[in-house]
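Notes to accompany the following structure.
Order of appearance sets the numbers: ligands from 1, and atoms from 1 within every ligand. These numbers were taken from a predicted model, which means no experiment stands behind them. Side chains are part of it too, since the values below use all heavy atoms of this structure and drop only hydrogens, waters and symmetry mates.
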Amino acid sequence: MTKPAIEVQPLVRQKAHSLGSTGEKWLGELPGLIGDLEREWSIAVGPPLPGGTSSYVARVRTVDGRDGVLKLSLPATDFAHQVRTLGLAEGHGYAHLLAYDLERHALLQEALGPSMDRLGLPPTRQIETLCAMLEQAWRVPRAAGQAVDPAREKALALGEMVERLWESLGRPCSEQVVAQALTFAGRRAAAFDPALCVVVHGDPHPGNALRAVTPRVGAEAGFVFVDPDGFLSDPAYDLGVVLRDWCAELMGRGSSGDAAVALARSYCALLADRSGMDEQAIWEWGFLERVSTGLYVLEFGAEEFGRPFLDTAELLA
Ligand SMILES: Nc1ncnc2c1ncn2[C@@H]1O[C@H](COP(=O)(O)OP(=O)(O)O)[C@@H](O)[C@H]1O
Ligand SMILES: [Mg+2]
């Protein structure tokens, strides 16, 4: 392979800058790190892949001529959990993990095809496939000693983040949206039951669902996940993340909230039907995710990417 330039995508660069000196250091050391890993893992690093927000991802070729993908994550991400989840999954519902280095936030994984969001599939087809993938992904065993502290479960954490960011960002959405998100956070927190928790993906959006290049055991849905957070939570949380997207479709229904609500409700009903999970729980997680993601993305300065989440939340509140 000829040596391609190390091009960091704008969104990743923006996130790196938002981390201050840690992020700047990571950007500065990236070329050296790639060179070191090429030697240590006997790989030739090829062109970068687009689509991520917190990492440099590139195709690689191993010395024995096999394809792989190298991922170098920003230091702020929960990298150890990602590696742990991919390792325990052993390719079931997830990409195969080939090598990793926890200290340098580097991993090598099986080469996969394009992400689901690039294939022009109808949203309902994507939602059905994501449900099938999640059913398999939720079977990943807990790591030894993995537990969830009720005081730090996801609904509480998201509610606190929404409150904090709404103020610190100068109230970038309506009070009604924030109040709704906080009510739903409270309800999901009250419903928290450690006995029902599974190892969730944590961010199972179509950009993290990649087509398997060839049929294989563990990829029966035709796609597998990359980029897991791998914490313990209500599985309906993952379904809420799936519901969180579709901003273009929801806004394509015009400025009427009724039409957007009807469409989002139909996606939510499909998620409940395919998973057997409670529809209202999925709706509540979905709304909370929409608002918290919008605020989180605005915080690292990607206004264009974050705004649609808040605008659709206004339609659905
Ligand atoms: N194993 C892989 N095979 C092919 N493409 C991949 C692979 N892993 C990641 N990618 C591509 O890189 C993008 C970003 O990867 P991801 O792990 O989701 O990073 P981030 O943590 O930055 O979101 C994915 O959306 C996908 O397009
Ligand atoms: Mg990703």
[X] side-chain N/O to [Y] backbone N/O, donor-acceptor pair under 3.5 Å:
| X | Y | value |
| --- | --- | --- |
| D78 | D229 | no |
| S55 | V57 | no |
| W166 | C173 | yes |
| H201 | V226 | yes |

Just heavy atoms, cut-off under 4.0 Å: does [X] contact ligand 1 by side chain, backbone, both, or neither?
| X | answer |
| --- | --- |
| L210 | side chain |
| A95 | neither |
| V57 | side chain |

Quiz item: Less than 6.0 Å separating the ring centroids of Y296 and F309?
Solution: no
Quiz item: Between V226 and ligand 1, does any nitrogen or oxygen pair lie at a separation below 3.5 Å?
Solution: no
Exercise. Run through H105, Q109, Q82 and flag the one making a side chain to side chain donor-acceptor pair (under 3.5 Å) with K71.
Key: Q82
Close-contact set for ligand 1 against [X] heavy atoms, below 4.0 Å:
| X | value |
| --- | --- |
| N208 | 18 (O) |
| S55 | 19 (O), 20 (P), 21 (O), 22 (O) |
| G52 | 13 (C), 14 (C), 20 (P), 22 (O), 23 (O) |
| K71 | 16 (P), 17 (O), 19 (O), 20 (P), 21 (O) |
| Q109 | 1 (N), 8 (N) |

Looking only at protein heavy atoms, identify the closest one to [atom] and say how far it is in Å.
| atom | answer |
| --- | --- |
| atom 3 (N) of ligand 1 | L112 N, 2.9 Å |
| atom 1 (N) of ligand 1 | E110 O, 2.8 Å |
| atom 23 (O) of ligand 1 | D227 OD2, 2.8 Å |

Self-check item: contact_flag P114 ligand 1 heavy-atom lt 4.0 Å
Solution: no
Quiz item: Is S54 in contact with ligand 1, taking contact as a heavy-atom separation below 4.0 Å?
Solution: yes
Quiz item: Do NZ/NE/NH1/NH2 and the carboxylate oxygens of D67 and R61 come within less than 4.0 Å?
Solution: yes
Self-check item: E40 with R104: basic N within carboxylate O range, under 4.0 Å
Solution: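 Yes, charged N to carboxylate O under 4.0 Å.
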Quiz item: Closest N/O/S atom of D227 to the Mg ion (ligand 2), by atom name?
Solution: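 Atom name returned: OD2.
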Quiz item: Any N/O/S atom, backbone or side chain, of S55 lying under 2.8 Å from the Mg ion (ligand 2)?
Solution: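 So S55 does not bind the Mg ion (ligand 2) by this criterion.
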Self-check item: Nearest heavy-atom neighbours spanning V261 and W283
Solution: O-CH2, 4.4 Å
Exercise. Mind listing the closest non-hydrogen atom pair of L298 and P172 along with its distance?
Key: CD1-CB, 3.8 Å
Self-check item: Result of checking E284, R244, H205 against E289 for side chain to side chain contact (heavy atoms under 4.5 Å, CB included)
Solution: R244
Practice problem: Have a look at P50, G207, S115 and point out the one with the heavy atom closest to atom 13 (C) of ligand 1. | Solution: P50
